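Here's the structure, in structure tokens; my notes come after.
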Amino acid sequence: MADHGATLAEFPIEGERVEVSKFSRIILIAAIIGGIGIVVSLAIFLFGGDSQVRKSFSYSWLFACFYFFTIAAGGLFWVLLHHASNSGWGIAVRRIMEHLANMLPFTFLLLMPILLLKTPREALYEWMHLLSIGEVDALLAAKAPYLTLGFFFVRILFYAFALSGIAYLLRRWSLQQDRTGDVRPTFLARRFSCGFIPVFAISVTFIAVDLLMCLDYTWFSTMWGVYIFAGSALSSMAVIILTVTALRSRGYLGKVVSMQHYHTMGKLMFAFTVFWAYIAFSQLFLYWYAKITEETKFYILRNTEGWHFVSLFLVFGHFLVPFAFLLRQRAKKDVRQICAAAVWVLFVHMIDIYWIVMPERGPSITKGELLTIPGALFLDVIAIVTVTAAMVFLYLRSMGKYSIYPARDPRLHESVRLIN
Amino acid sequence: MRDAGFKRWDVHSPFPIHGLDSAMGLSKSSLSWFVFIGGATGTLTAFLLQFITQVVIYPTYVQDKPASITTLPAFFPVMFELTVLFAAFTALFGSMILNRLPRWNHPLFVSEQFTRFSDDAFFLCIEARDPQFSKEETKALLKKMGGTNIELIEDEI
């Protein structure tokens, strides 16, 4: 039966609290790995001197942090979209999105070492190095009003405060409703979300430009922000699906989330798989096929030697495989299949970010002598494991503080009885 | 009705009711398969149309690059468009064929009270073709289930 007949009386007014102790083993392991990793990483950053390891590790760190930034930003996107479109289906899972969005301040905190320390920063962003030694070429001179160190930091501060602030406010209102049962936070969140969406869009677009596109200041793409956003919304939906499943397997959300929610979330994941491919292809089509010398640079580098296979892998792994797999309705309604798809999506999104960041590393650090730096893969593994552990630790801990669904949202019942 | 084993019956309501299809015990429509085949046909048509004309029959050079299987991405936009077009047409015409549309008249239109189906009334219709149908017993069953205004509609032909 589609209608499992839940009534409002079945939902306690205080909602469900997650006992964090049920996840204590994962949290403990994550804390240990993350702690060791952060100590090692900080040691490399602080005492690395002018070594190649320190410079290479900056790229690894950017890759790992930006990966989690996209996921957290995607969480914020889903909350914003949910409020702005006044939708009812996802209220049962909205608190999870809110928790995910509130990982944003931590991702900015983790980004600090590579932005504040001079050597890592200049290893990543050549234009900063060129500015500091005063070798300004024509392309850099043309972009001078935008690419200055002062303005760069102002922008980063803006993104950090705007995005974290929005995430914080939306969860705050939602929690306020948990306590008072007042309907006003619902209206407040709806009204402000419409205004927050442009702020979010501008922040995500320009942080993608500043942190990833400017790894090579001579290249540009007008589709860059949308491309990053597409992967961001996709991977965060995968995280939401996995979180819901993890909580359900521990006995939470049982009455609140049904197969119908999985179906809806699966449809959104499917939609963003297609959207990512659409944007990725359009970018390739505009920049590679236009055959303008300075525009094709990005793709030439990524079609050289081994990177060519990574590019091809993205075509199949990031689009064709999940597309074909998620096309069937059954795949979206079966917990095991949808979770497998979500894990796969997270993996290929990681490869996507890796493919964006890493091809720049070898040519940048060795001044064009080497395509890749030998042994640097090991540093990448350290970075991604460290940041993953830190994020898992913080994310799971945030789960336990409040009810796991907005228990007194006026439309919770509508969401629980979702049928699509 | 579903539990009584009827097969050829339908319900009419002035607004869509979510979950009605599973309450009626309907299985998933086969339309999605038709749409998939239609879409795949579109992809293939577009690919062959471009590949045969630009590679096989009349080798074309665009910006000094010969069109070949490695320039496949250049064919994608047309492949995408035709996939959507063919899939959409299959969805439209497929659903019309599966619903046996268009038809000019339906026996139910004879009923005076049936005109209220788009206003404020809910109807349940059991066709005489159903193997379980019998004039008296079905009427009794409907009455037992709480039906009002039970009416026997006979086709004019």
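Remember, predicted model here, so these are calculated numbers, not experimental data. Proteins come first, then strands; the chains are lettered A, B, ... in the order of their sequence lines, and each starts at number 1.
- Residues of residues 275-287 of chain A lying under 4.5 angstrom from chain B, judged on non-hydrogen atoms, are A:Tyr278, A:Phe281, A:Leu284, A:Phe285 by number.
- A:Arg302 pairs by the salt bridge (Lys or Arg N to Asp or Glu O under 4.0 Å) definition with A:Glu360, not counting sequence neighbours.
- Identified under the side chain to side chain donor-acceptor pair (under 3.5 Å) test for residues 318-328 of chain A, with sequence neighbours left out: A:Arg328-A:Gln337.
- Along residues 75-82 of chain B, the residues that come nearer than 4.5 angstrom to chain A, judged on non-hydrogen atoms, are B:Phe76, B:Pro77, B:Phe80 in order of number.
- For B:Ser32, no part lies near chain A; criterion is any non-hydrogen pair under 4.5 Å.
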